[in-house]
Amino acid sequence: MRSDRRFNRLVVTAVTFGFALLIGVGIAGLATILQNQAKTRLVDHTYRVERAIGQYRVLSERLEAARRGLLLRNDTGLQNTFTQTAQQIEPALVQLQQLTIDNPHQQQNVAHAITLSRMHLATLNRSVGWLRQGHRDRAIASFNMDESLPLIRKIRTIADRMTAEEDRLLQIREADQRRTLAAFYITVALAAVLLVIVGVGSIWIIVGYTRDLTNSRDALHRLNSNLEGAVRERTIDLQRANEELQRFAYIVSHDLRAPLVNIMGFTAELESAASRLSAMFDRAEQEAPALVDQGARLAVREDLPEAIGFIRTSSQKMDRLINAILRLSREGRRPITPELLDMHALLQGLVDMHRHQLDERGIALSIASDVPDIVSDRLAIEQIVGNIVGNAIKYTAPDRQARIDISGRADGSRAIFEIADNGRGIDPRDHDRIFDLFRRSGQQDQPGEGIGLAHTRALAYRLGGTISVESELGRGATFRIDLPIVFGAEQGMTS
Amino acid sequence: MNTQHAVNIVMIEDDEGHARLIEKNIRRAGIFNDIRHFTDGTSALDYLYHAPEGPAHNGPALILLDLNLPDMSGTDILARIKEEANPLKRTPVVVLTTTDDKVEIQRCYELGCNVYITKPVNYQSFADAIRQLGLFLSVIQVPDIAEANG
């Protein structure tokens, strides 16, 4: 039991830990995704910077090309191209400057490029200015010796340098991105493995528990049905024993009656013979006193009547006992006719039958309102309860206000009725004895043969029930009758 | 045939004491008819059917029957006596037994017993009951011998 509990605690801990780990891995995965997004943004940024550099380079080249074109053929189309491109250079550089604001190295390059471009533009503007004024030769002369060619070379160099810088960054950032992606994949794989472990573990535990639960439920069920079977067997045993006893009682009492008829009959014969003898003795005493001796007088006057008297009272008592047994066995052979009994009404009726005695002795009696109704034999129940109530009325304690409380409750398929009194009580040593035939307990100051409770118990057995007593001498007694709520419902056989 | 043909009393009773008490009380009641006593069913039936002076051949009889016999049940004897086409069918049967079981009494009457007397332990009532038999005997119609034999 204890190791079981420890194992359970271990299992719960393991499952909790597994789920916590899973949550941790989930968070890690999320973090990796966020990181990966950041890296992707950086890569994207680098591409934009490279595009801006390319743009700048194209604009610079186009400007140079436009100027050369104008030197060869001065038309308005080319002039427009030159002017427009000249206007775009500065904003392109500003954009580049803003894009690389986080990189001081590139800032420096951009600043350098701005200076170069401005110088380049100034050179070109001067040359184009001459063209517009019609000094084509001057423009061509300046082209051959001015700064524009070295400048455009420098611009190319600086653009190359910037591109190289961005390429370097791109390489680093792409590597970073790949790393975070790999980390993400690892996390996902880890999560999957963990999920499988926790899942399989949980299922294994649940299956185990379910199997244990099913097993214990089955075991409980088996145990229960065994118990029911045991109860049924016991009830059948009791009923069989009871029936055997009834039959035995019937035969014995019946056969005992025959000799008893003889004893009583011949006692009567003896009595009449003795009375004749007595009459003759009287005459002899009067007419011939010499014949009469003391011994004969004693025999006729005392011994014979005394002997006959004892034989008579003893056989009368025996007759009463035999009749009691006979009544008991006859009652036991009476067929049980179960019907739905309104127990409260039945008990009330019984109490009303005892009303006179109750009032005479000043006994307070109560019946609980919630006694359960049962399906059983009316007469048998009336006799059982009537007997116990009768005893409670008979054996009150003289020193206190007597009271009797009748209550009942249903317990599963059984109904339990309790009849509690505050009478003189029964010595615990006699608790079994009082249910035996002809056995009584305590002071023998009340009439009775010791049959009532034996009869009560025999009836209770017949109804598939039991009866027991709880009592202490001087403390009152509680008789508990345990009966099936529905007679025959749990018995294998009924008589 | 005529009243000279006295009614024989056939007593089937296994208990000697009971038999003696019954006889005593019958005599005390002033009945002095012959009493034939049998302690078992077999010899009683043998007498009833086959004895030349028995009731089947010779005249009226009264049967006193105890139900508890060693060799057969008294009710069996009763049933045989009272069955259809039996020469003894009209012979009155008084069942005398210790049982006062209602079922058994009813069964005896159903089988055709004429009187059922419980042997009470109270001797006075027992004696009274036996004495009633005297009255009963005095009103028995002596059957015609031809009919009895037929």
Side-chain angles (χ1 to χ4, degrees), chain A residues 243 246-277 304-305 307-337 379 449 451 495, chain B residues 11-30 37-41 64-75 94-108 116-133:
Chain A
E243 274 164 25
Q246 304 284 11
R247 254 199 314 280
F248 173 76
Y250 181 77
I251 292 168
V252 164
S253 58
H254 206 266
D255 285 3
L256 280 179
R257 252 193 166 180
L260 200 59
V261 166
N262 278 338
I263 294 171
M264 293 296 278
F266 285 105
T267 307
E269 294 291 327
L270 201 61
E271 200 173 23
S272 68
S275 70
R276 277 205 198 116
L277 270 182
L304 269 177
I308 290 167
F310 272 117
I311 294 173
R312 167 154 295 159
T313 49
S314 295
S315 40
Q316 272 166 353
K317 170 149 198 201
M318 192 166 167
D319 182 46
R320 279 202 306 277
L321 298 184
I322 289 171
N323 279 337
I325 301 174
L326 212 57
R327 210 167 55 235
L328 208 68
S329 74
R330 196 168 292 152
E331 190 51 54
R333 295 189 308 166
R334 192 177 64 79
I336 295 285
T337 45
L379 198 62
E449 308 282 6
I451 289 163
S495 51
Chain B
M11 180 163 62
I12 310 171
E13 168 68 73
D14 69 318
D15 191 310
E16 295 283 359
H18 290 188
R20 188 81 191 97
L21 287 172
I22 290 164
E23 195 180 340
K24 268 175 175 285
N25 279 286
I26 286 174
R27 295 289 178 243
R28 239 174 243 153
H37 177 210
F38 298 94
T39 54
D40 64 280
L64 297 178
L65 180 63
D66 181 25
L67 291 185
N68 298 312
L69 294 172
D71 56 346
M72 62 179 78
S73 149
T75 46
V94 176
V95 171
L96 268 166
T97 192
T98 47
T99 318
D100 54 358
D101 191 87
K102 279 193 196 113
V103 180
E104 202 161 290
I105 296 173
Q106 200 174 343
R107 175 153 169 72
C108 284
Y116 187 102
I117 296 175
T118 309
K119 295 174 192 164
V121 179
N122 183 323
Y123 188 61
Q124 197 49 52
S125 42
F126 179 68
D128 287 346
I130 299 294
R131 263 175 226 132
Q132 302 296 317
L133 274 181

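Residue numbers begin at 1 in each chain, while the letters A, B, ... track the order of the sequences.
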> Sub-3.5 Å donor-acceptor pair from the side chain of Asp15(B) to the main-chain atoms of Pro259(A), do we have one?
Replying inline: no

> Atom CG of Asn68(B) and atom CZ of Arg257(A): how far apart are they, to the nearest 0.5 Å?
Replying inline: 11.5 Å

>> Is Lys102(B) in contact with chain A via its backbone, its side chain, both, or neither, using a 4.5 Å heavy-atom distance?
In response: neither

> How long is the span from the CG atom in Asn262(A) to the CZ atom in Arg20(B), to the nearest 0.5 Å?
Replying inline: 12.0 Å

>> Going by ring-ring contact (aromatic ring centres under 6.0 Å, His included), name the residues that satisfy it together with Phe38(B), two or more places apart in sequence or in a different chain.
In response: Tyr47(B)

> Would one find more than 12 heavy atoms of other residues, nucleotides or ligands at under 6.0 Å from atom CZ of Arg107(B)?
Replying inline: no

>> Looking at His18(B) and Ala258(A), would you say the former's side chain and the latter's main chain have a donor-acceptor pair under 3.5 Å?
In response: yes

